[in-house]
Amino acid sequence: MAATPAPPTAPPKPAWAPKSAEPPFPWLRPTIRIRLTLLYGGMFMIAGILLLSIIYLLAAQALHAGSAPFKIMGGQNITLSSGSCQLPASGTFQEINDAIGVCMAQQRQHALDNLLSRSLLALVGLSVIAFAFGYAMAGRVLSPLGRITRTARRVAGTDLTRRIELDGPDDELKELSDTFDEMLDRLERAFTAQQRFVANASHELRTPLAINRTLLEVHLSDPGAPVELQQLGKTLLATNERSEQLVEGLLLLARSDNEIIDRKPVDLAEVASRAIDQARTEAEAKGVEIRGERAAAVVQGNGVLLERIALNLVQNAVRYNTPEDGWVEVVTALKDGQATLIVTNTGPVVPAYEIDNIFEPFRRLRTERTGSDKGVGLGLSIARSVARAHGGRIIAEPREGGGLVMRVTLPV
């Protein structure tokens with residue numbers, strides 16, 4: 001008895017996620033520049049405190065406490081006066097010498113306190129200068145990294161012709177820059193080869209399919225052809241049409257993976273209305289009602305590709321619907337600086353664990369990978385790819401009672 005083959009593993013979940021929102025205070029980010037500034041400033045403060053302590057100890061040792069360097073041994077008409085110490089005008093020699101010693105100790109402590117306070121003020125001022133200097137030096141040292149980051153952001157917009165070409169000493173940053181440039185060279189060659197392949201495949205695959213369609217249509221137009229031959233021709237013509245749709249879908253999927261550079265104002269309400277007009281005949285044939293309010297929502301993008309998103313979502317909502325009393329709701333809106341296209345439909349209950357899989361190419365819900373009359377299995381994959389190319393996202397949610405809620409969010 002043959003062993004039962006293991007079930008195929010589910011494809012990985014889409015790794016794409018929308019960009020995280022900017023923090024309210026971006027300058028508080030713990031960047032490398034801030035950390036280096038704190039490191040430089042902290043080291044300076046530690047060195048300054050140690051130097052101040054040593055100076056204070058040396059000054060205290062130089063002004064050591066002890067007996068006065070002179071004593072009054074005797075004399076007549078001794079008068080003592082001081083502007084900072086209280087000395088007795090008269091008394092015994094010992095009392096006068098003790099008062100002079102106390103006065104000198106007070107003067108010593110006053111000198112040390114004055115030295116400490118002024119040194120602390122100088123340390124604070126120099127620390128501020130050190131932090132500012134450290135911040136400026138850290139920015140200068142890290143400027144090549146900023147240049148690498150800016151180039152990487154431009155490359156993220158599919159501008160693979162840009163290079164860093166960092167000048168300067170042959171250090172670690174220049175090595176990183178050269179490595180990044182080499183990686184961009186390889187990426188540019190790979191994308192160029194992909195674009196060339198797509199162009200060649202577009203010609204090589206469309207031409208024989210168009211020839212086959214023409215030959216089949218010519219044979220089907222012959223009124224004297226046998227019934228069996230006409231039925232076979234219709235079957236082959238439907239198969240050929242399915243192959244043409246598959247080729248067009250694959251080419252569109254390959255082209256829409258890149259970000260759109262040539263953008264123009266496009267109203268999602270107009271795009272959705274055109275998609276509804278194209279799917280209305282099929283919806284009426286299946287008894288599906290199309291409804292919903294479409295408010296103006298203008299975005300910057302490619303109108304043809306955005307119309308493809310709306311058309312794919314509406315067609316899927318019509319085809320995967322209930323046989324009776326089915327409906328599709330298409331809503332466009334502008335909210336919180338983002339344009340949304342929401343397509344909701346009735347239909348069979350969709351398990352939550354199958355939501356991520358429906359965006360994978362050739363994946364369908366509880367149907368075979370081939371042999372379906374509802375499409376070639378690329379509609380949602382193309383919709384997600386086009387949404388990503390416009391800097392947006394598309395998510396699917398199971399609708400309570402059956403069906404799906406498809407939500408497309410695009411930046412304005």
Side-chain angles (χ1 to χ4, degrees), residues 13-31 146 149-159 162 252-253 255-277 290-317 328-345 352 355-356 358-359 379-400 403-412:
K13 295 183 179 180
W16 178 84
K19 296 180 180 179
S20 58
E22 289 290 336
F25 302 102
W27 50 275
L28 290 178
R29 288 173 51 226
T31 58
T149 302
R150 290 189 296 271
T151 303
R153 287 175 178 172
R154 296 190 185 100
V155 171
T158 66
D159 188 5
R162 294 184 177 273
L252 181 60
L253 182 62
R255 290 170 180 170
S256 60
D257 274 336
N258 295 328
E259 186 175 347
I260 306 300
I261 297 179
D262 186 14
R263 297 172 179 263
K264 298 179 180 179
V266 181
D267 190 354
L268 287 186
E270 182 181 359
V271 167
S273 299
R274 291 180 180 178
I276 291 174
D277 293 338
I290 301 180
R291 63 193 188 192
E293 297 182 357
R294 289 169 290 281
V298 180
V299 299
Q300 298 293 326
N302 184 288
V304 176
L305 294 180
L306 292 176
E307 184 177 340
R308 174 64 65 173
I309 290 183
L311 181 60
N312 288 351
L313 294 182
V314 174
Q315 285 181 342
N316 278 352
V328 175
E329 186 178 56
V330 182
V331 178
T332 59
L334 187 63
K335 184 178 180 181
D336 298 333
Q338 291 184 328
T340 57
L341 168 65
I342 304 175
V343 179
T344 308
N345 68 287
I355 291 296
D356 290 335
I358 65 176
F359 289 100
L380 293 182
S381 300
I382 293 174
R384 185 182 65 176
S385 181
V386 173
R388 289 181 179 178
H390 285 80
R393 62 172 179 170
I394 177 172
I395 58 176
E397 299 174 355
R399 177 182 169 272
E400 185 177 356
L404 287 173
V405 178
M406 307 296 296
R407 188 186 306 272
V408 181
T409 304
L410 299 174
V412 176

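Atom set for the values below is all heavy atoms of this structure, side chains included, hydrogens, waters and symmetry mates excluded.
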TODO: To the nearest 0.5 angstrom, please state how far the CD1 atom of Ile358 sits from the CZ atom of Arg384.
DONE: 10.0 Å
Open item on the list: Testing the basics here: between Ile394 and Ala383, what is the closest heavy-atom pair and its distance to 0.1 Å?
Closed with: CD1-CB, 4.1 Å
- [ ] Before giving the answer on side-chain contact (heavy atoms from CB on, under 4.5 Å), spell out for Leu306 and Val299 the whole-Å C-alpha distance, their side-chain angles and the decisive distance to 0.1 Å.
- [x] CA-CA 10 Å; Leu306 292 176; Val299 299; 3.8 Å; yes
Open item on the list: Less than 4.5 Å apart, side chain to side chain, heavy atoms only: is that true for Leu311 and Leu313?
Closed with: no
TODO: Indicate the atoms forming the closest heavy-atom contact of Asp267 with Ala295, along with that distance.
DONE: OD1-O, 4.5 Å
Open item on the list: My understanding is that only one of Ile290, Leu404, Val314 makes a side-chain contact (heavy atoms from CB on, under 4.5 Å) with Asn345; could you say which?
Closed with: Leu404
Open item on the list: Is there a side-chain contact between Val266 and Gln300 in this structure, where contact means two heavy atoms from C-beta onward sitting under 4.5 Å apart?
Closed with: no
Task: Exam field: side chain Ser385 to backbone Ser381, donor-acceptor pair closer than 3.5 Å - done: no
Task: Test item: Leu380 and Met406 side chains (from C-beta on) under 4.5 Å apart, heavy atoms - done: yes
Task: From CG (Leu341) to OG1 (Thr409), nearest 0.5 Å - done: 9.5 Å
Task: Closest heavy-atom pair and its distance - Val271, Ala310 - done: CG1-CB, 3.9 Å
Task: Min side-chain heavy-atom separation Thr344-Arg399 under 4.5 Å - done: yes
Open item on the list: Would the distance check show the side chain of Asp336 and the main-chain N or O of Gln338 forming a donor-acceptor pair, the cut-off being under 3.5 Å?
Closed with: no
Task: Interatomic distance, Glu270 atom CD to Thr332 atom OG1 [nearest 0.5 angstrom] - done: 11.0 Å
Task: Shortest non-hydrogen contact from Leu410 toward Ala387 - done: CD2-O, 4.2 Å
Open item on the list: Given 3.5 Å as the limit, does a donor-acceptor pair link the side chain of His390 with the main chain of Leu305, or not?
Closed with: no
- [ ] Say whether, by atom type as modelled, one donor and one acceptor occur between the side chain of Arg407 and the main chain of Val405 under 3.5 angstrom.
- [x] no
Open item on the list: Could you report the tightest heavy-atom contact between Val331 and Gly292, atom names first, then the distance?
Closed with: CG2-CA, 4.4 Å
Task: Nearest heavy atoms of Gly391 and Pro411, plus distance in Å - done: O-CD, 3.5 Å
Open item on the list: Any heavy-atom pair between the side chains of Val408 and Ile309 that's under 4.5 Å?
Closed with: yes
- [ ] Kindly compute the distance separating CZ (Arg294) from CD (Glu329), expressed to the nearest 0.5 Å.
- [x] 10.0 Å
- [ ] State, with a plain yes or no, whether a side-chain heavy atom of Val330 is found less than 4.5 Å away from one of Ile276.
- [x] yes
